[in-house]
Amino acid sequence: MQKKYIPSDIEAKWQKIWDESGMYTADDSSSKPKRFVMEMLPYPSGASLHVGHMLGYVATDVYARFSRMSGYNVLRPVGWDAFGLPAENYAIKTQTLPQESTAAAIKASIEQLKRTGMGYDWAREVNTSDPDYYKWTQWLFIQFYKEGLAYKKTAAVNWCPKDQTVLANEQVIDGKCERCDTEVEQKELEQWFMAITKYADELLEDLDHIDWPASTKAAQRNWIGRKEGIEITYAIDGSDETVTVFTTRPDTNFGATFIAMAPEHPLVEKITTPENQKSVSDYIESVKNKTELARESEGKDKTGVFTGSFAINPLNGAKMPIWISDFVLSGYGTGALVGVPGHDMRDFDFAFKFGLPIVRVVIGSDGDTSPITSAAQVQEEEGKMINSGFLDGMDIHAATEKMMDHIEKEGYGKRVVSYHLRDWLISRQRYWGAPVPMIYCEKDGWNPVPESELPVLLPTDVDFQPTGESPITRSKTFQEGVTCPVCHGNARREVDTLDTFVDSSWYFLRYCDASNTKEAFAKEKVDKWMPVDLYIGGDHATTHLIFARFFVKALRDMGLLSFDEPFARFFKNGHILGEDNRKMSKRWGNVINPLDLITKFGADTMRMYEMFMGPLEDSKSWSTSGVEGIYRFLNRVWTLMQTEATDATPDKEALFMMHTSIKKITDDIEALQVNTAVSHFMKWYNFLSERKHISQEEKEIFLKLLAPFAPHMSEELWHDLKGEAAESIHKQSWPVSDNQYLARNEALIVVQVNGKLRGNLTVENSEAGDQAKVEALARQDAKISSWISTGVKKVIFVPGKIINFVV
RNA sequence: GCCGCGGUGGUGAAAUGGUAGACACGGGGGCCUUAAGAGCCCUUGCCUUUACCGGCGUGGGGGUUCGAGUCCCCCCCGCGGCACCA
């Protein structure tokens, strides 16, 4: 009597048994080699997970199951990135508490993940909004503070007027808030920062030592934006003040005709002459009211105002007027630049608009030596120096070095390295996050909350509507009885909360020691499990992935751990789009809920289909008929496994196919080329089904290889095969391919004429490397001989593979 | 503009410099069935052809090679990151 494949009959049953068996529990004391395999932790806001989220999770699960069967001690944890704006906004919209809506979202997600058959070690579950977790987030913040890596300063920061909070640079996309797409404003505010720039060079260099996608590494390199240049200090005519600029191209400085400073530059006030006072302050006022986006979109239409002061160019004694313009960024370099309008487009636009002199100091390959009067003549990237004294005739790049040497020798400048990377702004004026654990006292300033008093609990007596100041300000209890840790006088707590990226910068460390109540994590446990051997997730190159790297390096320098990088291998999974090629969203009605799919086809079909869709790193659209195809395939496998197995050992062809399959599927999983692994199952199935007989051994190996992909079905069939009392298939050893079966008796030799396929020969393996023999056989072939009748000039022979006649 | 990744049938896609299109989806035809569905079998890059044979074919143009989807040069297009960064 053949059983029918009814996924719902078997999946819940096995999930329960696996859960109770504890077979996914990672062993802290095992002597087996470890593998730490994880996906980016889910973000439980209002909407539940859709099939797109599952892509990376399933891939991680396949890899973890494969690793476990391959003899590794596997750590595969799960957690919740539970704090944060979307969850808070969702709570406001639905008039619930974020505590409640988040808990509900987590509950729903757990069901989805469990019913997908994920093999997590639930004992290590982490929830970043749990006081038992954020206690240690706060503790870590204090350690950063003690090291001088967390500090408070007043700076121009990004402000989202809709979400009513500051944002990190990394959260501003094209001048807009990454969450709500509102144009970001600049505000001068006192905020907490993390000194990630101290690690800029190491963050850059260590990219060479980690196995990450080229695009992610490139994005981080761009973001760090290391540039070698020089800071030049100019005297200001008739003043004791000096102005320092940063430039990467001092070679053109004989052509410098003005200085431009950011409106925020501290020198502005001091050097503005009385008659320019009004126009300067008017300009600064007008700039303040512009959004960042408006400032950027000005492009060629530069704005600016003259301060009335001049800087002296020591190269030629030229008096360079000092202007203020908002195209100069206060945060980059020194916040001031030297304008060389002949050889920089932006400087040209500025000088052209305000009638400043333009001097040619470079001749490009066009040979033009005439005065520069149009943008087309601006020579930026190549050429030879002219009108530049000791640099004349030199290539611009050599001249750059020579000029830097000159300036350093003359003592008015120094080579420096400049970065695009800014310190990370971590305080937020919102409710749903970990309170910054700091106390302010008039007398002693800022001091950390004593560690014995952690966690600083998020108060619940709060109306958390965003107003621009932290909602915690409105709590009646939060400031009760707060005293200064130094003088014990009256004091107040910091009311801002930490950016959620702080929470997610160390959660992988907590996974290593999730229930530790004495420490954030024990060093020896973290050192045992870390670094993460495989990390799968979305492309958060310039946010989470750079913050986590910074955290690990900083914690290493504090002696809390002893490795350099958190994620030895990172794999970026693509997105799954709706069947209509649009992003899955309620708005388009194209969302596929995993539970609906599981109900209809089973978790194994969903898993297998997602692995089969295409390369894991590519984005691709959902296809219902594709799902059905996989469902049909699993049904065929089910039927095949119901057929009576022969006792005979597999014949040579069957062994060849079996060992080829072991090798192919093993290599593909290791490389995460899961789509071709699945297609190989189909190939092997097609082979077995054509032969109409299958041995016990083939069944066993097939099921073992299938287990990571279709854990429920393979487990059920495994027990059909081995008896009810048999040990779980997921505890079996991964099959190993044996090279002796990969050799075949016969070889197929492709025959080409002038590189074009004209036929093929099947020869005994022993003769496949014998050119004379193969050549003779090929020449005898009637079809071939007609192609080479005009005479053979040359024969190329690749033993066992190809013979090519050149005629 | 700079950096990175891509471009292969109707579709998703395979191919250590060595038979391009594996494996699927979809399509066409057939078997089974009163019928539908399921299942099974055949077929399916394009052109020519009843068929065979052949020709063409991996964004475009050059090159290296006995042989190029794959390597090199130039160009076009798409996606992603950065961007008034001095």
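Keep in mind that the numbers below use all heavy atoms, side chains included, and drop hydrogens, waters and symmetry copies. Numbers restart at 1 for each chain; the letters A, B, ... are given by sequence-line order, proteins then strands.
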Looking at the side chain of A:Lys794, which of B:C66, B:G54, B:A83 is the nearest nucleotide? B:C66
Does the structure show a Watson-Crick or G-U wobble partner for B:A24, both distances under 3.5 Å? Name it, or say none. B:U11
Just name whichever nucleotide pairs with B:G67, Watson-Crick or G-U, keeping both distances under 3.5 Å, else none. none
Searching all strands shown, indicate the nucleotide that pairs with B:A35 (Watson-Crick or G-U wobble; both distances under 3.5 Å). none
Contact letters for nucleotides 17-30 of chain B, in which S counts primed atoms plus P, OP1 and OP2 and B counts the base, heavy atoms under 4.0 Å: -BB--BBSSS----
Spatial distance of atom CD1 (A:Ile536) from atom CG (A:Leu616) [nearest 0.5 Å]: 6.0 Å
Checking B:C82, B:G4, B:C84 against the side chain of A:Ala214 (C-beta onward), the nearest is B:G4
Can you tell me how far P of B:G81 sits from CH2 of A:Trp223, to the nearest Å? 12 Å
Listed by chain and number, what are the ring-ring contact (aromatic ring centres under 6.0 Å, His included) partners of A:His265, not counting sequence neighbours? none
Could you list the residues that satisfy side-chain hydrogen bond (donor to acceptor under 3.5 Å, both in side chains) with A:Glu382, not counting sequence neighbours? A:Ser365
I want to know whether A:Trp684 and A:Phe702 have ring centres closer than 6.0 Å. yes
Please work out whether B:G63 sits syn or anti, treating a glycosidic angle within 90° of 0 as syn. anti
What nucleic acid atoms does A:Val340 come within less than 4.0 Å of, heavy atoms only: base, sugar-phosphate, or nothing? nothing
A:His420 NE2 to A:Tyr332 OH distance, which is reported to the nearest 0.5 Å: 9.0 Å
Considering only atom C1', compute the distance from B:G9 to B:C47 and round it to an integer number of Å. 14 Å
Between the CD1 atom in A:Ile230 and the CZ atom in A:Arg249, the distance rounded to the nearest 0.5 Å is 13.5 Å
